[in-house]
Amino acid sequence: MPAANEVERALVVVAHPDDADFWAGGTIAIWTDSGIAVTYLVLTDGDAGGFDQAVPRERVPAMRRAEQRTAAAILGVRDVRFLGHLEGTLQPGRQLRREIVRVIRQVRPQRLLTWSPQWNWQRFRTSCHADHRATGELALTAAYPDASNPFAHPELLRDEGLQPWVITELWLINGPTPDRYVDVTDVFDRKLQALRSHASQTQHDGLVAQMRERIAPNAVAANLSPDRMVEAFQVVLNS
Ligand SMILES: [Zn+2]
């Protein structure tokens, strides 16, 4: 694994606006604070999300993109990109992989953070969304072998001059066997502020309690004091 100071750029590939902030917002804030340039690539506009039926559905994509940009900025992320696919429709396939490979070769990250393509039976509800697993499958296959193979999606090299790129670290959200714990206590307030920016999703009481409840088991698993706020990942080396 490259030393932390060898990681200059990280790419976060998620299914919906708010995925990154909910699951990895503290870790991402720590990365940007240490000088790592982080790019978000959000595959859908989360157009099936929210709870306010009075909001016309056609307004939802623009609203959620704006919320995502605000939340990202709070965490130090200035490069936020959207592919604009419809929520609930993500499927592994060559065309969508090519769209992700294009961004990998443009950004040239040493580190990729994305969803696990595997079920996590401990957190079946809320986290094992079909879009999440499809995103993991797509992003990991885009990372290897596609992004590093000049003969995969040859039009990206031929028409856009995008050279092959090897990502060395893969960080998975909600994998069945987490092995990396990040203590985000010191940036937890910023994470909450970012989450509140997703006003169409988080305008309800109990957000703090919900977050604490969700990540409390991570402190125990990491052998840290239960009052610490901890995010969990499975880290895979592409070597
Ligand atoms: Zn999601």
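Remember, it's 1-based here, ligands and their atoms both numbered in the order they're listed. Residue indices begin at 1 and follow the sequence shown. Hydrogens, waters and symmetry mates play no part in the numbers below; they use all other heavy atoms, side chains included.
For the Zn ion (ligand 1), the set of nearby N, O or S atoms under 2.8 Å includes none belonging to His129. Taking backbone and side-chain atoms together, Asp131 has no N/O/S atom less than 2.8 Å away from the Zn ion (ligand 1).
Residue His132 approaches the Zn ion (ligand 1) most closely through its N/O/S atom NE2. Summary: OD1 is the N/O/S atom of Asp19 found nearest to the Zn ion (ligand 1). His16 has its closest N, O or S atom to the Zn ion (ligand 1) at the position named ND1.
In this structure, Arg228 forms no cation-pi arrangement with Phe188, as its terminal cationic atom is not both closer than 6.0 Å to the ring centre and no more than 45° off the ring axis.
Residues passing the ring pair (Phe, Tyr, Trp, His ring centres under 6.0 Å) test with Trp165, sequence neighbours excluded: none. Residues passing the side-chain contact (heavy atoms from CB on, under 4.5 Å) test with Ala71, sequence neighbours excluded: Asp21, Gln68, Ala194, Ser197, His198.
Each of Arg180, Lys191, Glu231 was evaluated against Thr27; a single residue qualifies, Glu231, per the side chain to side chain donor-acceptor pair (under 3.5 Å) test.
With salt bridges taken as basic N to acidic carboxylate O contacts below 4.0 Å, none links Glu160 and Arg105.
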